[in-house]
Structure formats: structure tokens, C-alpha cells
A.B. asks: 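Shown below is the structure under consideration.
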Amino acid sequence: MSPEPAPGAVGASRPRIEGPLKVTGAARYAADVPLPDLAHGWMVTATTSRGRVRDVDASTALAMPGVLGVLDHRNAPRLDQGAGNYFGPDGSLQLLQHEVIPYAGWPVALVVAETPEQARAAAAALRVTCDAEPHDLDLGLEHPAARPASTAFGPEADTGDLDAELAASAVVVEERYRTPEESHCAVEPHAATVWWDSGDLYAVDSNQGAFSVSEVLAALWSIDRERVHVRSEHVGGGFGGKGACGPPVILGSLASRRFGRPVRIVMTRAQVFETTSSRPPTDQLLTIGADADGRLRAVRHRAAYALSPLAEYIEACTEQTKVLYAAPAIRTQLVAVPLDVLPPASMRGPGATPGSFALESAIDEVAERLDLDPVELRLRNQPAVGPVSGLPFSTRRLVACLREGARRFGWAARDRRPRSRREGALLIGSGVATTSFGAGVFPSTASITAETDGTFTVSVGASDIGTGARTALTAVAADSLGVGTEKIRIRIGDSDLGAAWGAGGSRGTTSWSFAITEAAKKLRENPGDPAGPVTATVDTTTMIDFRPGGERQTFSAVFAEVAVDPATGEVRVRRLLGLFAVGRVINPLLARSQVVGGMVMGLSMALHEESVRDARTGRLVNGDFAGYHIASHADVPDVEADFVPDYEPQDPSGFNGLGEIGTAGTAAAIANAVWHATGTRHRVLPVRLDRVLEPGRAAVREP
Ligand code: MOS
């Protein structure tokens, strides 16, 4: 399976290099950089869900102490409307450019003052009047505006004769599943410090990819990319919510241009909730037909997600359905429903996480109907090759995850009948789910300088959003150069370091590592003049084969045990175990931390997280940490996570991504465990106390 790599830095557990800087407070984040003459901006946002700004009356605000001015759509500098994201023009970047309000929370003005307190006080005195128009936030598969999602990530599945296979099936499960809008909730709110100097734009920004942010800013301002310098040395989490060019850096660039001073904007927690992207709600219908012996005959997965008309986005809920199970007929249909919502963005295992909740719940329902063990059902339906693509898997260690997980969890002792286990008044249940998450590599640049003192400076436009990327890449560089990690000095988080993929899509580490190993190879092949420093630079753009010969995926099996109190509806997760196949593991300590964090996010999704909107106003009613609960320490049991031996042959070092696979399967495993404990299916997330007490609210059967 795996060429046994020589022992080195890769494979060894090491704590984060920047840990001491972070715990001593020396690490500087986007809002920490000291600058002379710094001004502060405060956002004012729309309270209507769709409409137009009629007037911004700044007369009172402008007379308040320290106020430098107020920007709105009438007086802000103009930006290029063609600027966009991966999919094309992105209207969510066009801040203060027009009077249209596309969603509640849209920035309508920015107050700039000498201090943040003065800016905030003046922002409260701003009188904004809007004309409201009717809004639509009502997601559903049957919504008249539903249209096929972009197939930029790959075509829909349509293999076999679905109707014939369903007709021939001994059991058919057809159920509908819903997941709510959710918010990323990174611990550090979005923030930026921005200034202009001699026509160049500078920003210290909290983001997941400084280079791509510099590209977007260059497009917005119609200037050369080289004239935009974005740094993001330390970032307090992103979870997908900082993958794009955020409001603070755009508004900061407008304000600093207008007032000729550096400007800092730090969003409040409430603003992060209402103004930055969210995970879109989904409405999914699974139809699965199986033989009496548990062989799947047909899988149909229809999914709808909310989309803002401002920008294209794909919530790829149906991806795993093309990968996980063998069946003669597989059909996927993903539709986007344009609504007056916050523009969605990738969040914590995008697509796969809500998609897995639906698919892996439905598979559990098939096992229930067949009175078959859910682990056994999964083992009986493993595909030899990609069930839709027909391509071989370059590595697929899912069965190893499932078997090892079942062994450690003690699954064999489980009585599969629901409500079969009690401890006093508590109902105890266990559940399982498996998942896949796509892996791969994107173009990146890396430079390595061999210094005259025998050390190496490694520069790559990588981003460390708290995952330990710096530390992992140091190990990769050390092994590629055949030296110890103490010889490596790593520079990341700066758009001046060259083009690089961001920390996203579970493809950061593979993309940056590929560039580093190629740069190291080049340096070793051309050692140059030993008297002076020698630099090798590599851009992997032309080295990457985007039509690989096999399915490149990571896999997991997650097992959960819950205790449900039937008197209060309280669900407690008592055990959580995840086994993962993610290629060769670079740093077991950090890798475990990443997947454990992901499983906690999955627990949080299963039981707690939900952005609730007032149907009448469309506004968030719980857009802060008092109302939006994310799992905290008391919610989380001891989480056990481990990796099965694995090696990705499509990667020069055997790596695959592990950024998001931890999250993807956990919610379904927990929901399945709640069914096992209580006998009630929860097809709507989160599994709230009230839904446990009133089971009718858990099942969605009618549109
Ligand atoms: Mo990740 S949610 O693709 O930033």
C-alpha cells in the first residue's frame, strides 16, 4: 500500500511553532498592528431584508467628537463591478456602491473617527432610512425559482435505470432532511487594518488566503496585483467564513483612500453574524432502494440550498453520493434557490457536512427497515471503483476505518433494536456514519533560499488559520531538504510571497507542500555558488494534472454514543470516536487536534447550531453568542480520533487533506444514535430539546 517513507520530521508529533507567541500575546492579529495616525471605521448595516437606501442623514454624526466623515453609496470611491470570485463577478464585494439592499446586515454606511469608541457612538447617531420591498427566505426543493446548481465541481450523477431498480427493490426508503442556516463563528471577528502608500494598497487582514484577497482587491481597484500587499500572519480561525475578501478590508480600502489615513475596522460579533457569509440551509430528499440482503439497488439524492443572487456558490451536498456506495443506479440533482439571504460560502466541510447528514441518516433508515446492522450494511455496499466515475480510487481505506472504529467502540456488543438500552431514566443509543471528502492540490508558489549559515528560508503564500500549517510545512521542508527542522525558517501569510491556494477546501497543506518539495528538489539539483545565498522558486501551476487517473478522496467512520433524558429532551453525547484515512499524516498531534475540532463542530451542528430568522423581517433573531449556541466544553465528551495507515499515490509525499473530514460525518452519527436511543428519527437539524420532546416536529414528510 505505502512506500515506507524514511523517518524524518514528517510523521513526528510537534507542538505549534508559534504557540509561545500566541500564549504570551506577542502574536499580532489584524486588529493589533500599531500604526501612526490610525483612524477607525464603524459599519452601519441595513435592517431590512430587501429594499433600497433612501437617505443617510449624517448631520448629527458629523458634528460628534473625533468624527472624520461618513461614507455611503453616494460618496464612496468607485470600485470595479467586474471583480469577483472563483465563479465570476461577486456582487457582495460592491460595498457602498449602490442603494440596493440585498439582505439584512448589508453595510449601508461607514463612520470614520479618531477612535473606535467615537466611530461607534457616531454610527449610533446616523439616521438611515430605507424603502423595504417584499423578501423571500423560504427554501424548499419545490421553490419555483429553483434552478440547477453550477456543475463547476463536476457533473450530476445519472447512472443506471433508477425507476427499474427502485421497482425491483425489497425496501425503499424515501425521506426528507433539512439543515438550517449556520454561522462560521471563528473566534477572531473579521478585522482589517488598511492603508495606501504611493498608490500601493496595504492591508493586514484576517483571511484564509492573503494572495487571493490581494487579487480581489486589485480587481476592485483596477490596479496591478503587485501593488496590493496583504498580510495575514496570524488568523484566529476561519472555518470558511474568511475565504473571501471580507467587508473590513474592502471598506477599509475605501475609507483610507477617501480620508488619506490608515483605517482599522473590527466587526462586532453581531456584525459577523449578520454581514459575513453563512452555511446555506438545505432541503434534501433521499430515495434508496435495497434488496432484502442489504445490497443497494438505487440511490437518488435531491438537494436544494439557498443562494444569494449576488454571487454563484455551490453547496455540494450530493458529492459523497457519487463516491460512498456501489449501486446499479445513482442519480443526483442539486438545485440552487435564489433568495434574499446572506451570500453563502464554504463552511466547515461545505456540501459534505449537510449532505452526509441526509445520506448517512437515510442509509441508517435502510438498515432499520432491513433489520440489518448499519456497519454490516455499509460493508456490503463498498464500491470497487468510483460508482459514478468508474475511475479507480487511488486509495480507499474506508473499510479499515469502519472495522477499526467498530472494534474500538465495542460495536459488536450493540443490540440494534431502538430503545433497547437504559440507564435509570436515561435512554442510551449509539450510531455510526461514514464519509468521504475530496482531496487534491491547487497551484502554489514556493521559494527556498539556502542561506550561507546552513539554514533555509522557506517562503510560501500559505495561511495558518490556527491549524498548525506553519509547523506542518516546516516538517515538510526539512524532510525535502534533508535537514532538521531547526534549520528551517518559514515565512507565510503574505501576498508578496507569490501566488498560493488558501487555507480551504482541505487542500492547503497538499498544495503548499507540493510547491515546497518541488522547490527543494530544484535547489538540491542546482546548489549554485556556495559562497552566497541561493534561491530556488517554483510555481506548480503547470505541474498539476487536473484530470487525474483516479478518484482522490479521504474517508472516515464516526461512532457516537448518546444519552437522552426523555423528561427534558436533553441529548448528551457521551462518546465520540472517529477513524480517518487521510493519506500520510504529517504531524499526528496537530492532525488529531484538527479532526477532533472537526468532530466537535459536527456535534455542535447535530445538537445546537441554527441561525434563526424572523419570517416577517428576515432578520436574524439569534445573531450573537447569547442566542446562537456552539458546542462548548460542557457539551463535549472525551473525543477519540485516530488515523488508519494510508498513503496517497497521487501526491509526491503521500499526503491528502484533513481540514474538513472530521466534521462531515459526525452529525449523522449522532442523529442515528438519537434514533437508536429513542426510536425517533430526527430529520431536521439541530436535534433540539423541543423536537426530542415532540417527536412530530422531528420528521419532515410533506413539502
Ligand atoms: Mo473550508 S470551509 O473549504 O474554508
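Atoms within a ligand are numbered from 1 in the order they appear, just like the ligands themselves.
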A.B. asks: If you count the atoms of ligand 1 from 1 in the order shown, which ones are under 4.0 Å from a heavy atom of Gly240?
C.D. replies: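 Close to Gly240: 2 (S), 4 (O).
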
A.B. asks: Return yes or no for this condition: an N or O of Gly505 is under 3.5 Å from an N or O of ligand 1.
C.D. replies: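 So ligand 1 has an N or O lying under 3.5 Å from an N or O of Gly505.
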
A.B. asks: Strictly below 4.0 Å, N to O, side chains only: are Arg348 and Glu660 in salt-bridge contact?
C.D. replies: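 No salt bridge links Arg348 with Glu660.
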
A.B. asks: Using 30° and 60° as the class limits, which term best fits the ring planes of Phe393 and Phe555: parallel, tilted or perpendicular?
C.D. replies: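 The arrangement is perpendicular - the two ring planes meet at more than 60°.
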
A.B. asks: Classify the contact between Met347 and ligand 1 as side chain, backbone, both or neither, using a heavy-atom distance cut-off of under 4.0 Å.
C.D. replies: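 Within the 4.0 Å criterion, Met347 contacts ligand 1 through backbone atoms alone.
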
A.B. asks: Do Glu609 and Arg279 meet the salt-bridge criterion of a basic N to acidic O distance under 4.0 Å?
C.D. replies: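 Salt bridge between Arg279 and Glu609, a charged N being under 4.0 Å from a carboxylate O: no.
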
A.B. asks: Name the closest protein heavy atom to atom 2 (S) of ligand 1, giving the residue it belongs to and the distance to 0.1 Å.
C.D. replies: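 Scanning the protein heavy atoms, the shortest distance from atom 2 (S) of ligand 1 goes to Glu660 OE2, 2.8 Å.
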
A.B. asks: Go through ligand 1 atom by atom and flag the ones less than 4.0 Å from a non-hydrogen atom of Phe239.
C.D. replies: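 Checking each atom against Phe239, I get 2 (S).
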
A.B. asks: Check this for me - ligand 1, Gln208, N or O atoms closer than 3.5 angstrom, yes or no?
C.D. replies: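 Between Gln208 and ligand 1 (N or O atoms, distance only) the closest approach is under 3.5 Å.
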
A.B. asks: Do ligand 1 and Arg348 have nitrogen or oxygen atoms that lie under 3.5 Å from each other?
C.D. replies: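 Arg348 vs ligand 1: no N/O contact under 3.5 Å.
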
A.B. asks: Which heavy-atom pair separates Val441 from Phe514 by the least distance, and what is that distance?
C.D. replies: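 Closest approach of Val441 to Phe514: CG2-CD2, 3.8 Å.
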
A.B. asks: Closer than 4.0 angstrom, basic N to acidic O: yes or no for Asp494 and Arg231?
C.D. replies: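 Result for this pair is no, no salt bridge flagged.
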
A.B. asks: Any carboxylate oxygen within less than 4.0 angstrom of a Lys/Arg side-chain nitrogen, looking at Asp651 and Arg552?
C.D. replies: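 Judged by the 4.0 Å cut-off on N to carboxylate O distance, Asp651 and Arg552 do form a salt bridge.
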
A.B. asks: Is the contact between Ser506 and ligand 1 made by the side chain, the backbone, both, or neither, using heavy atoms and a 4.0 Å cut-off?
C.D. replies: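 Neither; no heavy atom under 4.0 Å.
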
A.B. asks: Just to check, does Gly243 reach to within less than 4.0 Å of ligand 1 when the distance is taken from its heavy atoms?
C.D. replies: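 Gly243: no contact with ligand 1 (<4.0 Å).
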
A.B. asks: Heavy-atom contacts with Ser346 under 4.0 Å: which atoms of ligand 1 show up? List them by number with element.
C.D. replies: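 Listed by number with element, the hits are 2 (S), 3 (O).
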
A.B. asks: Is the shortest distance from a Lys or Arg side-chain nitrogen in Glu233 or Lys22 to a carboxylate oxygen in the other one below 4.0 Å?
C.D. replies: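 Looking at Glu233 and Lys22, the cut-off is not met.
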
A.B. asks: Mind checking whether Tyr177 and Phe357 have parallel, tilted or perpendicular rings, split at 30° and 60°?
C.D. replies: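 Ring orientation, 0 to 90° scale: perpendicular.
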
A.B. asks: I'd like to check which ligand 1 atoms, numbered from 1 as shown, lie under 4.0 Å from a non-hydrogen atom of Pro350.
C.D. replies: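 Those of ligand 1 that fall under 4.0 Å from Pro350 are 2 (S).
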
